Amino acid sequence: MTAVELPLRTNVAKTHQLFSTSLALGSLKQSFVMLRPDIQWQNPVMFVVEVGAVLTLAFIVRAALGGAGASFSLGYFVALDVWLWLTVLFANFATAFAEERGRAQAAFLRRTRVSTPACRLRADGTKEEVSSVQLRPGDRVVVAAGEVIPGDGEVIDGVASVDESAITGESAPVIREAGGDRSGVTGGTMVMSDQIVIRVVAGYGESFLDRMIALVEGAVRQRTPNEIALTLVLTAFSLIFLIVVIPLWPMAFNAEQYMTSYLGLSAPLTSLGTDVPTLVALLVCLIPTTIGALLAAIGIAGMDRALRANIIAKSGQAVETAGDVDTVLLDKTGTITLGARLASEFLPLQGVHVRDLMTAAALASVADRTPEGQSIVAIALRSGVPDAVKTAPEHAKFIEFSAQTRMSGIDFADGRRIRKGAPDAVAAYLHALGTPTPTDVDNLIAKAAAEGATPLVVADGTRALGVVVLKDTLKPNIETRIAQMRRMGLRTVMITGDNRLTAATIARRAGVDDFLPEATPEAKLAFLRQEQTDGKLVAMMGDGTNDAPALAQADVGLAMNAGTQAAKEAGNMVDLDSDPTKLIEVVAIGKELLMTRGALTTFSIANDVAKYFAIIPALFAGTLPWLKAIDVMHLHSPTSAILSAVIFNAIIIPLLIPVALKGVRYRPMGADALLRRNLLVWGLGGVIVPFVGIKLIDMIMVTLHLVA
C-alpha cells in the first residue's frame, strides 16, 4: 500500500455538490478534446452527428467559394452547422462532467493520503518499524491506540475500538476483534483504544483506498450488458435513418425529370432544399440523439450514486443488476432483529425451584462470553443469586461456549456437571449419558419458540432443570421497510439459524414472504441456487467467511466492510457503513439507474416524434401537398422549421444533464404503475415539450428577424 488516508469527519464521497464552476470548466475543456474521431467513435449516434457537422462545414466552404448553389442563404447554413457542433459538444459535456466529478473525488482522496509508519512483526516475534509502502500481503502489524492502521487487513489478535470516519463519515467508533465476523479493518482508519495485531491482505496499489480511487475516476468502468444492448439499438436506428436520408441527395440531381415522369409530383425535389446541410439536419432530428448523448453519463452517475451511499461496487453491472433483483435474502440477526438476544424468563420443570434453575444457568454461563450468556448471569444476580456463582469453586473447571458444541458449562471436582445450550445440543448430551429429554422440556421449548424467542436448556448432571428464554426484538420500522420492498416487487426471505417454529414467528411479525430456518452455509447456497434455477435474480448480504460461497453465487452480493476478507472478495459490492439493512438501498439505487435510463430513452423517442411533425411538413409539403394536413405547428418557413428543430435538439441535452446525473427518483410501486407513470411523465412530456420548445424558438427567430 502506497499510502493511507488520514481520518476525516466527513465522507469523501459526499463532499462534492452536483455542479460547481471548477468541474464545469474542466468538463468544457474535455468536451473539445472528445471531438477527436477515435474518441467520438465510441458513441455511434453522436459520431454520426459529428460527421454531419463536418460535411456541413465542407458544404459551407464550397458554397462560399462559389462551388455550389444553395436554395437557402449562407447564413442559414452557418447557423445550422454551429448548432450541429453544439449538439456534439453538449453530448461530450454530459459525459465529461460525469467523469470529472469522479476525478475530483479521486483528487480529494489523493490529497488525504500520506505514508504511514508501521510496526511489523518479524518471524521471530521481534518488531521493526517500516513504511506502509513496504507492507506486503501476509505481513503482521501491531497497531496501538492513537495509531493509524497502515493497510487493509484482518485482526488476528486482540480487540480494539476503531474510528472509521475516514471512509464512512460516521464519527462513532466501532469494535473490531479477532475470530469473528467483525475482523476486517481498512487502511487509513485509526485505533482509538487497546491494541490489535492485523494481518495485511493488500499490498502496494491494491488497498481499498486505491480501489476507490480507480472506481471514482472511472478507470475501470465497463459498459454494462444493458447499456451495450441499448447502444446497439440506437446504432441500428441511426443506420436505418441514414439509409433513408442518403438516397435523397443523389435523387435531387435528376429530380425534375424523375419526379415528374415517374411519380407525377407537382414540384421537383430540388425545391425542397435537399442540399447536404438540410439532409444532415433531417438525419440529426430523426436519430435518437438525446439518449445517445446522455447514455454514458447515466451509467457513470449510477456508480457515483452508489459511492455516495457509501457502497463500493466492483462494476457497473452490479449496480444495474440490483435494479432487476427478484429475491432478497435477509439475515434475521442484525437485519430484521436488533441481534441482542437477552435472557427474559426462566421456565423450570415441575419439581424444580426457579432459583435452582437460575443458579445452575448462571454457573453454566460464566464461561459464556456471548451477550446471551452474560445476560443470564446478570439477571440471575439481580434476582438474588449469590455473587459466588461468578467464581469457580476449588478444582472446578468452566467449559467455554463454542460454535461447535453450542453449549457452555462447569465441571465440579466431585464429578457434578452443569450444561446450558441449544436444545438439540443438550438433548444429544443427555442422550450420551443415557437419559432421554423429558417431554415437559419439549413443551417449554415449543412455548418459547411460539413467542419468537430462543430457548436454551439447562441440565444438571443427567437431569434437565428447565429452559431459559432469550428474546430478540424487531428493529424499529422493519415491518414498514419490508412492506416497502414488497411494493418494489421484491420477495423477501429471512435466513436464520433458529429452529423452524421460532423462525416462523419472527417471519410473521416482520412480514417477510418466506424464511429459511436452521440455515447452514450449504443450506444458504442450495436455496440461492434453487431460486436462480427458477429464473430469479437474487441479492444477499453477508459478513462472515461462511457467507462467502453464497455471496459469490448471488447475482448481487453485498459484503460488509467490517466483515472478513473472504466475504469482501466474494461479493460484488462492499458496504463501507457495514449496515445490514443497506441491501434495501442498493436495490433502490439499481432501480433508480434503470428508471433513469428508461425515462430518458422514452423522452428521447417521444422528442423525435414531435420533431417529425416540425421538419417533415416543412421539407416536403411543397412537393407533397397532402402533408400540409399534419403541419400542426404552422412554423414560419422551411428555414425556420429546420433551424428551430435543430436548435431544440441541441439545447435539450444540457437541460437534461441534471436528470441524468441526479437520477429519476424511484418510488416503490408495482411494475404496471411505474410503466403508466413513465409513459405519462416522460412519454407524454417528451411529445409536448418539443412542440412548445420548437414553436417558441421559431417565434423568437421571427421576432428578431433571424430567418426569412
Side-chain angles (χ1 to χ4, degrees), residues 224-227 229-230 298-299 302 305-306 309 311 313 316-332 335-336 474-475 477-495 506-516 524 527-542 550-551 553-558 571-573 575 579-603 663-683:
T224 64
N226 283 348
E227 190 175 339
L230 184 55
I298 294 170
R305 282 194 294 275
I311 299 165
Q317 183 176 351
V319 179
E320 188 174 274
T321 302
D324 287 328
V325 161
D326 303 295
T327 304
V328 177
L329 306 186
L330 301 170
D331 270 346
K332 186 204 80 170
T335 302
I336 293 176
L474 295 179
K475 279 194 169 184
N477 300 320
I478 190 64
E479 302 98 319
T480 303
R481 300 202 71 179
I482 290 176
Q484 180 184 27
M485 296 177 75
R486 187 174 292 108
R487 290 196 298 273
M488 293 164 66
L490 301 175
R491 175 171 174 257
T492 54
V493 179
M494 182 185 76
I495 300 177
I506 296 293
R508 183 175 61 254
R509 289 169 56 196
V512 296
D513 299 306
D514 201 355
F515 62 93
L516 180 65
K524 291 181 186 179
F527 182 87
L528 196 154
R529 285 175 173 169
Q530 183 58 49
E531 288 287 307
Q532 292 174 326
T533 301
D534 295 339
K536 307 290 182 59
L537 292 179
V538 184
M540 75 162 291
M541 51 124 278
L551 284 170
Q553 180 69 32
D555 299 285
V556 176
L558 178 65
N572 51 21
M573 289 187 180
D575 174 28
D579 178 4
T581 63
K582 186 66 74 68
L583 196 56
I584 300 172
E585 192 169 351
V586 168
V587 173
I589 291 172
K591 288 186 177 295
E592 191 174 80
L593 169 61
L594 295 178
M595 280 192 59
T596 303
R597 185 184 296 147
L600 292 181
T601 300
T602 303
F603 187 85
V664 175
R665 183 182 176 187
Y666 173 72
R667 292 180 175 84
M669 58 180 69
D672 292 341
L674 279 175
L675 178 60
R676 287 194 299 269
R677 184 175 180 274
N678 188 54
L679 291 176
L680 180 63
V681 176
W682 298 100

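Only a predicted model underlies this, so the values are computations on that prediction, with no experimental measurement involved. Quick note: residue numbers are just sequence positions, from 1.
Evaluation of the salt bridge (Lys or Arg N to Asp or Glu O under 4.0 Å) rule for D324 yields no partner, not counting sequence neighbours. The side chain to side chain contact (heavy atoms under 4.5 Å, CB included) search around A510 returns I336, L474, I482, V512, not counting sequence neighbours. Looking at residues two or more places apart in sequence or on another chain, you find a side-chain hydrogen bond (donor to acceptor under 3.5 Å, both in side chains) between K524 and D547. Contacts of D513 classified as salt bridge (Lys or Arg N to Asp or Glu O under 4.0 Å), with partners at least two apart in sequence or in another chain: R486. The side-chain hydrogen bond (donor to acceptor under 3.5 Å, both in side chains) search around Q532 returns Q553, D555, not counting sequence neighbours. Residues forming a salt bridge (Lys or Arg N to Asp or Glu O under 4.0 Å) with R509 (at least two apart in sequence, or on another chain): none. Every residue two or more places apart in sequence or in another chain that forms a side-chain hydrogen bond (donor to acceptor under 3.5 Å, both in side chains) with R305 is listed here: E592. Partners of R677 under the side-chain hydrogen bond (donor to acceptor under 3.5 Å, both in side chains) rule, at least two apart in sequence or in another chain, do not exist in this structure.
The CG atom of D514 lies 9.5 Å from the OG1 atom of T327; values are rounded to the nearest 0.5 Å. Considering CD1 of I584 and CG of L490, their distance stands at 9.0 Å, rounded to 0.5 Å. Within the model, atoms CD1 of I298 and CG of L594 stand 10.5 Å from one another, a figure rounded to the nearest 0.5 Å. Going from atom OG1 of T492 over to atom CE of M485 covers 6.5 Å, rounded to the nearest 0.5 Å. Atoms CE and CG, on M595 and L600 in that order, are 10.5 Å from each other to the nearest 0.5 Å.
When side chains are defined from C-beta on, D331 counts as touching M541, because their heavy atoms get closer than 4.5 Å.
When every heavy atom of L528 is checked against every heavy atom of A550, the shortest pair comes out as CD1-O, 3.5 Å. Residues K582 and A309 approach most closely at NZ-O, 3.0 Å, considering heavy atoms. The heavy-atom pair separating V319 from A306 by the smallest distance is CG2-CB, 4.2 Å. Nearest heavy atoms, L329 versus F527: CD2-CE2, 3.7 Å. Considering all non-hydrogen atoms of both residues, G302 and L593 come closest at CA-CD1, 4.2 Å. Taking all atoms of both residues into account, the shortest heavy-atom contact from E320 to R597 is OE1-NH1, 2.6 Å.
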Walk me through it: do V664 and W682 pass the test side chain to side chain contact (heavy atoms under 4.5 Å, CB included)? CA-CA 11 Å; V664 175; W682 298 100; 3.9 Å; yes
Report the C-alpha separation of M488 and Y666 in whole Å, then their side-chain angles, then the decisive distance to 0.1 Å, and conclude whether the side chain to side chain contact (heavy atoms under 4.5 Å, CB included) test is met. CA-CA 9 Å; M488 293 164 66; Y666 173 72; 3.2 Å; yes
